[in-house]
K.L.:
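Sharing a structure, written as C-alpha cells. Questions coming.
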Amino acid sequence: MAASIRRSRISRISESFKIAISEIWRQTPGKAALVLFILLVAMAVIAVVTITPDFLVKWESASYWEDNPVVVPPCWVNSLGYKTAKTAQIYFTTPSSMEVSESEVRYIYTYNYTLDVNEAPKDLYVKAEVPLLCEEGVFKAPTIRVTVERPDGIVVLAWDMVIEPGKTGENVTLTCGSLLSAKTSKETFRLAEVTSAIMDKYNITVPTEIAGTNETYVITANSIMRTTIRTELENKYLTILSVFVKPISYKISLNRNTTTLEVFSKQINNLKTTFLDLGINIVLRDKIIEALDYAANNITWVINNINTVTYTDYLIAMNNAYENLNNVNKLALAASAPVDVRSSVDDLTKTLGKFIEVATTTPSLIQPEIVFDVLQGDYRVNVTITYYGVKNPPRALSAKIGIIVKGGCYGILGTADKGVDIATVVLYGTPIALAIGFATAVASVFIGVIAGIVSGYYGGFIDEAIQRTVDVLGNIPLLPILIIVGSVAQRTFTGEAKSLYIILTYIGILIIFGWGGTAITVRAMTLSIKEEPYIEAAKALGASNTRIIFKHILPQVLIYAAAVLVFNVPGAIITEAGLSVLGLRHGWPTWGSVLSSARAENRFDVWWWILPPGLMLSLTSLTFVLLGLAIERIVEPRLRTL
Amino acid sequence: MSEVQVYKPVLDKQTKLVVNGLKVYFPLRKSFVEVLMRKPRLYVRAVDGVSFDVKDGEVFALAGESGCGKTTTGKAVLKLVETTSGSTYYLPSRGIMESNPYYALYKKVSEYGHIDLQGIPDKLFKPLRRDIQMIWQDPYGSLNPRRTIFEILSEALEIHGVGSTKSEREDIVAKALEEVKLTPASEFMYRYPHMLSGGQRQRVGIARALILKPSLIVADEPVSMLDVSIRAEILQLMMELKKIHGLTYIFITHDLALARYISNRIAIMYLGKIVELGDARRVIENPYHPYTKALVEAIPEPNPERRHVIKEPSIKGEVPSPINVPTGCRFHPRCVALDQHPELEELCKKKEPPLIEIEPGRYVACWLYTKK
Ligand SMILES: Nc1ncnc2c1ncn2[C@@H]1O[C@H](COP(=O)(O)OP(=O)(O)O)[C@@H](O)[C@H]1O
Ligand code: SF4
Ligand SMILES: [Mg+2]
C-alpha cells in the first residue's frame with residue numbers, strides 16, 4: 001500500500017521542477033522570460049554545434065572575412081528604402097558547361113549577377129582551386145580566364161592567365177581577376193579596353209565642330225578624351241565602377257581661353273621691334289621680320305576666330321607659328337644677332353613647342369566632361385578553365401570555383417570592419433556570454449551560500465571573520481580593480497589560451513567581489529531558520545549539524561539562491577562587455593568585443609554595428625531579470641498578491 | 001524541635017531521573033558601549049537551582065506561569081541547552097543500554113545504573129536520545145513545513161540507523177502513525193504539515209517522540225496551543241501510550257487543573273525555582289505556598305453557580321524579569337502573605353527560603369512554614 005504511493009526522489013524533483021516552470025509560466029513576465037530564455041539557449045546551442053575550433057582565434061583577422069564587404073548594412077535594409085547592391089559568394093564544385101575540341105578542353109562556370117540598384121558592387125573576383133591534369137606522367141596546368149558580360153553586351157576581360165604549377169600534382173589555389181585590385185595590376189584588368197569599349201558602344205567621340213577634319217588631330221583629340229576619362233574614372237571613382245557604369249551624358253569642349261595666345265602674340269611683336277632696331281644684314285633682317293609676321297598672324301587668326309576654331313585649325317595655326325619661329329631662330333644665327341636676342345627667340349620657340357605638345361597629349365585644349373551612371377541589369381560572370389593537349393579530359397573537374405561579388409549589404413546583420421559578419425559574432429557570442437554569466441553567478445552564489453550558512457549557523461569567530469571580509473570586499477571599488485587586473489592580465493598571459501585566461505581572470509575577480517551580498521542574506525536566513533522550533537526538534541532526535549544544514553537549512557536557502565543566481569547572471573555579462581568597450585579586450589568573439597571594435601574604429605554612427613550586440617546585452621539582462629522576478633514570486637509567497 | 005528537612009532528590013531503584021541543583025543562565029549580549037564601560041555581563045537566570053526526582057512510570061508535572069523556566073528545565077534534561085551548573089542523573093531503559101556500544105564508558109553514579117548526563121560528551125549522549133524524547137508545545141513550528149510527514153518521522157530512524165531500507169522505515173512510520181490514530185497511515189505519510197489540522201499535527205509530534213521507543217518523555221505543554229475541544233483526545237492518547245509502552249512523563253503545563261487530572265506529583269516553579277513540590281492532588285487541593293495558593297485560586301471555577309463570586313486577589317504586581325531576580329524570597333514583591341505577616345519581612349527580603357519538608361512528601365519554600 002505504502003509502496004504504491006511511494007515515489008522516487010528523482011521523479012519528485014522533476015515534478016517540483018515542472019511545478020516551478022508552470023508557476024513561472026503563469027505570470028506574464030515569467031512567460032516572456034521563459035520564451036526569451038529558450039531563444040537564448042537555442043542560439044547558444046546552435047552556436048556550440050556549428051562553431052569551428054579556429055573561429056575563436058581567427059575571427060579578428062581580416063583574411064577570415066576577406067570575401068565580405070566592409071562595414072555594410074544588412075540586406076533587408078533595401079526594403080526600408082536603402083539602395084544597396086547585393087553580395088554574392090557563390091561556390092561551384094561542378095562546371096556549368098564543358099567544351100571539348102581537339103587541342104583543348106574548356107570548363108566554364110557561369111554566374112548571373114543582377115544589379116537592380118543604383119550602386120555598383122565594391123569588388124568582383126574569383127577564387128579558384130584548380131587541379132593539374134596528369135597525362136602520361138606530365139602535369140598540365142590550365143589557363144584561367146574571367147570575363148564579365150555586361151547587360152549592354154560589352155565583355156570585360158578581368159583575368160587571363162596561365163597557371164604556374166606549384167608543387168607537382170597539388171591543386172593550385174589563387175584569387176583571380178579582382179576588379180578592385182586591377183588598379184595595381186593593369187596587365188590583368190585592362191581598363192583602357194573597357195573605357196574604349198564603352199566609348200565605342202555609346203558612340204562617344206569628339207564632335208567634328210570641335211575636332212575639325214584632320215585625321216591625325218581627330219585621333220589625337222579622341223585619344224586625349226579617352227585617356228582623360230579613364231584617368232578620371234581611376235582617380236575619382238574606384239576602378240571597378242567602370243565595369244558597372246554607362247555614360248548618360250557628355251560634353252566635349254575646346255579651351256577657348258586666349259590669354260596664353262595673347263602673350264605669345266605680344267612677345268612675337270616685341271621680337272619684331274628688337275630686330276628692327278638691330279644693325280644686322282638687311283636681307284636676313286627682312287626675312288626674320290617676315291617670319292615673325294607669319295607667326296604672329298597665325299596666332300592672331302586663332303585669337304580672332306577663337307569662338308569657332310576647331311582643334312585641327314587651332315593646332316595647324318600653332319604649328320605654323322612654331323615653324324616660323326624655328327625659322328627665325330636659324331636666320332638670327334646666320335645674321336649673327338646678339339646672343340641675348342637669339343636666346344629670347346629660342347626661349348619663345350621652346351615655349352610654343354611645349355604648348356603644342358601639351359595640347360596634343362593632355363586635356364589642356366580638348367576638355368571632356370562625361371556623366372556616368374550605374375548600369376543596371378544582368379551581369380554574367382564567366383570563369384573559363386582551359387587545359388591544352390589533354391586527350392582524356394575528366395567529365396567532372398575537381399575544381400572549386402568561387403565567384404565573389406562584394407555588394408553594399410551583407411547577411412542578416414551586416415558587417416563591421418574587416419568584413420566581420422556581425423550576425424555570426426553575435427550568435428557565437430551567446431554561449432560565451434551565458435557561460436561567463438552562469439560561471440560567475442553559480443560560483444559566487446555557491447560561495448555566498450556556503451559562507452552565509454557557515455556564518456549564520458556556527459556564529460562566533462568564523463562569523464565575525466566572514467562578515468568583516470564581506471565588509472572589506474564591499475568597500476573596495478570594483479571597476480578600478482578590474483581595470484588594473486585586466487590590463488596586467490593582458491600583458492601577463494601569452495600563447496593560445498590567452499583569451500581564456502583573461503576571461504577567467506575577470507570571472508575570478510567578479511566571483512571574489514560577488515559573493516558578499518548572497519552571504520549576508522543567507523546568513524540572515526540561516527539565523528532565522530536556526531531558531532525555528534523544528535530545528536530544535538531535530539536536535540532532540542539527535543540530528544548532527546551537517547544533517548540540520550543539509551536537510552533543513554540548505555533546501556530553503558537554495559530556492560532563494562536560485563533567484564539570486566538568476567539575477568546575478570547578466571551582471572557578469574555586462575561587466576565583460578563594459579571592460580571590452582573600455583579597451584580591456586580578451587580576443588574572443590563576444591558582444592562586448594563587437595562594441596569595442598566599433599569604439600576603436602570610432603564608428604558609433606553605424607547602427608547595425610552597435611545595435612545587435614547592444615540589444616543582445618539588454619535582452620539577456622531583461623530575460624534574467626524577468627526570470628528572477630518570476631522565481632522570486634514563487635519563493636516569496638508574500639509577493640504573489642502583487 | 002527536630003531539624004528541618006531540606007529537600008534532597010531521592011536516587012533509588014525506582015528513580016528514573018534526578019535533577020539536582022540545575023542552573024541555566026543565558027548570557028545577555030553586551031552592547032558596544034557596555035563593553036567599553038566594562039559593565040559586568042548580565043544573565044537571564046531561566047533556571048536557578050532546581051532539584052527534583054522523577055519516578056519510573058509516573059507523570060511528573062512541572063507547573064508555573066509562563067516564563068518561569070519550565071521549558072528550559074525540560075530542554076536541559078535533553079541537553080538542548082547548556083547548563084550553568086547542577087547535574088542530571090538518568091536511568092536508561094534496559095533495552096537501550098544493551099545495544100549501546102559505549103555502555104562501559106558512562107560514569108555510573110548509582111548501583112542501579114544511573115548515568116550522569118551532564119558530564120558526558122555529545123557522542124555518548126546520542127544513543128541516549130533514543131530513550132529521552134520531547135513532545136513540543138507548538139505543533140505548527142515544530143514540524144518542518146517543507147518536509148512530508150514521512151520525512152519528518154523517518155528522520156529519527158535515519159539518524160539512529162533504525163530500519164535499513166526505505167520500505168522498512170515506511171513500515172515503522174506507518175505503525176507509528178497508526179499508534180497515534182492517524183489512519184490510513186499511507187495517506188498521511190506523504191502529506192505536508194500544512195495539510196493537517198493542529199490536532200493531527202500534534203499527533204505527528206507525538207509519533208515522532210515515540211518512534212524511537214523512548215522511556216522518558218518531556219511533554220512541553222502539549223495541548224496548550226490546541227483547540228480546547230481536542231485537548232482531551234490528545235491527553236487521552238498520551239495516557240494510553242504511556243500505559244502501552246510504560247512511559248515516564250515530565251509533563252510541563254501552566255494549567256493546574258490539567259496537572260491535577262493527569263499527574264502523580266507536581267513541582268510548582270516560580271522565576272526559575274521550585275517553590276512547592278508534592279503529590280499533585282494534595283498540592284492543588286491544599287496548597288501551602290502563597291504562590292501556589294494564588295495559582296490555584298486562579299483556576300476557573302467549574303461550578304457555574306459560584307463563578308460570580310469575586311475573590312480577593314491573592315497576588316499582586318507582575319512577574320519580575322529573570323535578569324534581576326529579587327533578593328531573599330524571589331516571590332516577596334508579590335506576596336500577599338507577607339503583608340499579613342510583617343514580622344517576616346526582614347527575613348523574606350534578605351534570605352532565600354529553602355525547600356523543606358513540612359509534611360511527608362510535601363515540600364515548600366517559604367519562611368511561613370519554616371520554624372526557626
Ligand atoms: N535561548 C534563550 N536565551 C535567552 N533567554 C532565554 C532563552 N530561552 C529562554 N529564555 C528566557 O528564560 C526564561 C524562561 O523561559 P522558559 O523556560 O521558556 O519558560 P516557560 O517554559 O516556563 O514559559 C524566560 O524569561 C525566557 O525569556
Ligand atoms: S518566604 Fe516570605 S515572601 Fe516568600 S512566599 Fe513565603 S512569605 Fe511570601
Ligand atoms: Mg514554555
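Order of the sequence lines fixes the chain letters, A, B, ..., with proteins taken first and strands second; residue numbering starts at 1 for each chain.
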K.L.:
Tell me, out of R547(A), E532(A), K539(A), Q556(A), who's got the most heavy-atom pairs with chain B below 4.5 Å.
P.N.:
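Looking at each of R547(A), E532(A), K539(A), Q556(A) in turn, R547(A) comes out on top.
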
K.L.:
Please find the pair of heavy atoms, one from Y534(A) and one from S142(B), that lie closest to each other, and give the distance.
P.N.:
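Minimum heavy-atom contact is CB-O, 3.3 Å.
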
K.L.:
Should we count CZ of F446(A) as having more than 12 external heavy atoms under 6.0 Å?
P.N.:
no

K.L.:
Chain A heavy atoms under 4.5 Å from N144(B): which part of the residue, side chain, backbone, both or neither?
P.N.:
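For N144(B), backbone and side chain are both near chain A.
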
K.L.:
Mind listing the closest non-hydrogen atom pair of L541(A) and A156(B) along with its distance?
P.N.:
CD2-CB, 3.7 Å

K.L.:
For R208(B), what residues pass the salt bridge (Lys or Arg N to Asp or Glu O under 4.0 Å) criterion, not counting sequence neighbours?
P.N.:
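Scan of R208(B) (salt bridge (Lys or Arg N to Asp or Glu O under 4.0 Å), adjacent residues dropped) gives none.
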
K.L.:
Are E158(B) and K551(A) side-chain neighbours, meaning at least one heavy-atom pair lies under 4.5 Å?
P.N.:
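They are in contact (side-chain heavy atoms under 4.5 Å apart), so the answer is yes.
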
K.L.:
Is it the backbone or the side chain of L143(B) that comes under 4.5 Å from a heavy atom of chain A, or both, or neither?
P.N.:
backbone

K.L.:
To the nearest 0.5 Å, what is the distance between CG (D122(B)) and OG (S544(A))?
P.N.:
11.0 Å

K.L.:
Indicate yes or no: does K75(B) engage E536(A) in a salt bridge with an N to O separation below 4.0 Å.
P.N.:
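Result for this pair is yes, salt bridge flagged.
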
K.L.:
Looking only at atom types and distance, does a side-chain atom of H160(B) sit under 3.5 Å from a main-chain N or O of G542(A), one as donor and one as acceptor?
P.N.:
no

K.L.:
Near K175(B) NZ, under 6.0 Å, is it more than 12 heavy atoms from other residues, nucleotides or ligands?
P.N.:
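Check fails, neighbour count at 12 or below.
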
K.L.:
Test your reading of the model: is there a side-chain donor-acceptor pair from Q133(B) to the backbone of A540(A), 3.5 Å cut-off?
P.N.:
yes

K.L.:
More than 12 heavy atoms of other residues, nucleotides or ligands under 6.0 Å from CD of E168(B): yes or no?
P.N.:
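More than 12 heavy atoms, drawn from other residues, nucleotides or ligands, come within 6.0 Å of this atom.
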
K.L.:
In terms of heavy-atom contacts, does CD1 of I483(A) have more than 12 from other residues, nucleotides or ligands at under 6.0 Å?
P.N.:
yes

K.L.:
M134(B), K126(B), R146(B), K79(B): which one forms the most heavy-atom pairs within less than 4.5 Å of chain A?
P.N.:
R146(B)

